[in-house]
Amino acid sequence: MKEKIFLDMLTQDSVSIRKQQLFVDGNIEYSVGQPWRCAYSNTVQGRQQVESEVVEPYKSAIFALWGDTPTLGNIAQ
């Protein structure tokens, strides 16, 4: 089993992260179960969540597009 992580819909204001468990048989990958998803907004709170919950190199890719400051005010997530 292995896990793949995808940055879906990465924009300057938000990102959706999808994780999928895969069973590998030779060169063929089979999805196992439903994907896990989580969305983050480019707010102060959302940036803190990305910092604590997202692993590298995905975290760096998000902040490379988001830059150094939030683009949205604090909104409920």
Side-chain angles (χ1 to χ4, degrees):
M1 293 281 284
K2 73 177 188 176
E3 179 179 77
K4 276 195 175 180
I5 299 173
F6 304 89
L7 298 182
D8 289 341
M9 299 177 283
L10 175 58
T11 70
Q12 290 181 343
D13 296 327
S14 63
V15 64
S16 175
I17 297 178
R18 176 172 49 104
K19 294 181 184 179
Q20 180 68 56
Q21 295 293 323
L22 301 168
F23 171 75
V24 181
D25 183 17
N27 291 329
I28 301 173
E29 296 178 344
Y30 298 94
S31 297
V32 177
Q34 296 296 314
W36 172 94
R37 293 181 181 271
C38 189
Y40 301 92
S41 296
N42 190 356
T43 62
V44 171
Q45 181 183 7
R47 294 171 73 88
Q48 291 170 346
Q49 288 177 304
V50 168
E51 187 65 44
S52 65
E53 298 173 7
V54 178
V55 297
E56 290 294 350
Y58 308 99
K59 181 186 331 184
S60 292
I62 293 166
F63 286 123
L65 182 61
W66 282 8
D68 295 329
T69 56
T71 59
L72 303 171
N74 273 332
I75 57 175
Q77 292 189 20

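- With a 4.5 Å cut-off on side-chain heavy atoms, L10 and W66 count as touching.
- Residues Y30 and M1 share a single hydrophobic cluster, defined by chaining ILVMFWY side chains whose heavy atoms lie under 4.5 Å apart.
- Of the possible polar contacts, one joining the E56 side chain to the S60 backbone as a donor-acceptor pair under 3.5 Å is found.
- Scanning for side chain to side chain contact (heavy atoms under 4.5 Å, CB included) contacts around D13 gives T11, T71, L72, with sequence neighbours left out.
- At least one side-chain heavy atom of I62 sits less than 4.5 Å from a side-chain heavy atom of I17.
- Clustering ILVMFWY residues whenever any of their side-chain heavy atoms sit less than 4.5 angstrom apart, transitively, puts F6 in a cluster other than the one holding L22.
- Hydrophobic clustering of Ile, Leu, Val, Met, Phe, Trp and Tyr side chains at less than 4.5 Å, counting indirect connections, keeps F23 apart from I5.
- Other residues, nucleotides and ligands place no more than 12 heavy atoms under 6.0 Å from the CD atom of Q34.
- Separating the CZ atom in R18 from the CG atom in L7 is a distance of 10.5 Å, to the nearest 0.5 Å.
- Partner of Y40 under the side-chain hydrogen bond (donor to acceptor under 3.5 Å, both in side chains) criterion, out of E53, R47, Q45: E53 alone.
- Contact check for V54 versus V15: no side-chain heavy atoms found under the 4.5 Å cut-off.
- From W36, atom CH2 reaches atom CD of Q21 across 11.5 Å, with rounding to the nearest 0.5 Å.
- Contact annotation: the side chain of Q12 never approaches that of N42 to less than 4.5 Å [non-hydrogen atoms, C-beta and beyond].
- Minimum heavy-atom separation, Q20 to G33: NE2-O, 3.3 Å.
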